[in-house]
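Structure first, then comments.
Just so we're clear, the structure is a prediction, and the values are computed from it rather than from any experiment. Letters A, B, ... mirror the listed sequences (proteins, then strands); counts begin at 1.
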There are 2 protein chains.
Amino acid sequence: MRKFDDSLPLKLLKAREAALNHFRPLLKEISLTEQQWRIIRALNEFGALESKQLAECCCILSPSLTGIITRLEQQNFIQRQKSNEDKRRVLLSLTDHAQKVFDEISPRFEERYRKMTEQFGQEKMDEFKELLELMAEVKP
Amino acid sequence: MRKFDDSLPLKLLKAREAALNHFRPLLKEISLTEQQWRIIRALNEFGALESKQLAECCCILSPSLTGIITRLEQQNFIQRQKSNEDKRRVLLSLTDHAQKVFDEISPRFEERYRKMTEQFGQEKMDEFKELLELMAEVKP
DNA sequence: GCTATTTATTTAATATATTAATAATCTAAG
DNA sequence: CTTAGATTATTAATATATTAAATAAATAGC
């Protein structure tokens, strides 16, 4: 039978852990969790988003998102605004404070990302990302 | 600047989600979480393990493991036994019940794993795993 | 032999993941 | 227009993740 270590989910978990280790020191420095930073990055790029869209693109389930947003709101990183056309929906966007923090710190994330890519090898990284995208498309 | 979606940790997360979707229905059927199943698989292969070793090979931190083991013990899947040489250590192993459940259900996991591999392509899967292992070795 | 240090595990506190259920609103069939 | 069904966000309950601190037992150095 297939060995314990020959498990795609486990290998994906370990690879992700190793990748995140490149960024954990920075996250700790600014006191944001990995998920909080992911959400801030998404809102920086897409501007205002509805909760559902944000959950989708950040790969975070709605119930988790509700809590994360609540805390980011308390820390003055995110503002919520009810939609007028559809009163069920909530629009989320970065505060000026969050935008400022993002602009200041993101170059340092970029630098670490660059180093990680260099260490792994640019060619291998491209090939790796290609395979990751293919796997993400596989349906059971 | 690098786009939001061009993020290795995010791609790893999405690929892992897609991979896990192949097994979630089975896990639900036997009412075990992904982590519980990982631990059972490890103990099936390695026999009795100490808590630290189990945490290491399952990529689960000790504080999480304590809770998971407690619940698996209550469900009669795992038994703990204190080491005699070093009374700090705890030896963990599968109960007969767990071994029986594992032997019955694991062929169905194998079958789904086989289908996932076939769908993705055996060659690509080998290449993919190779890159995942390389990434897991990269140090920050 | 004793003490300081180290190591293995657990506890505590907070954040996130997962599933089910709820509340509010919208949409479409009748 | 009205109501059944669908959709969005939240709440609730339980499990796991993460970091720090506490506990207990082993080991090194004196």
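Rounded to whole Å, the distance from NZ on B:K87 to C1' on C:dT10 is 18 Å. One can place CD of B:E56 at 15 Å from P of C:dT7, the figure rounded to the nearest angstrom. Between A:L20 atom CG and D:dT18 atom C1' there is a gap of 13 Å when expressed in whole angstrom units. Rounding to whole angstrom units, NZ of residue A:K82 and P of C:dT25 are separated by 6 Å.
Considering B:R38, B:E73, B:Q36 in turn, B:Q36 is the only one that fulfils the side chain to side chain contact (heavy atoms under 4.5 Å, CB included) rule with B:I68.
A:L132 and A:M125 fall within a single hydrophobic cluster, where Ile, Leu, Val, Met, Phe, Trp and Tyr side chains are chained together by heavy-atom contacts under 4.5 Å.
In this structure, CD on A:E56 lies 10.5 Å from CG on A:L61, to the nearest 0.5 angstrom.
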When the side chains of residues 16-25 of chain A are checked against the rest of the protein, which donor-acceptor pairs come out under 3.5 Å, sequence neighbours left out?
| unit_1 | atom_1 | unit_2 | atom_2 | d |
| --- | --- | --- | --- | --- |
| A:R16 | NH1 | A:E34 | OE2 | 3.4 |
| A:R16 | NH1 | B:P9 | O | 2.9 |
| A:R16 | NH2 | A:E34 | OE1 | 3.2 |
| A:R16 | NH2 | A:E34 | OE2 | 2.5 |
| A:E17 | OE1 | A:R24 | NH1 | 3.4 |
| A:N21 | OD1 | A:R24 | NH1 | 3.1 |
| A:N21 | ND2 | A:E17 | O | 3.4 |

Quiz prompt | Contact pattern, 5' to 3', of nucleotides 5-17 of chain D - B, S or - by protein heavy atom under 4.0 Å | solution = --BSSBBB--SBB

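If you look at A:F102 and A:W37, their ring centroids are closer than 6.0 Å.
Other residues, nucleotides and ligands contribute only 12 or fewer heavy atoms inside 6.0 Å of the CD atom of A:E123.
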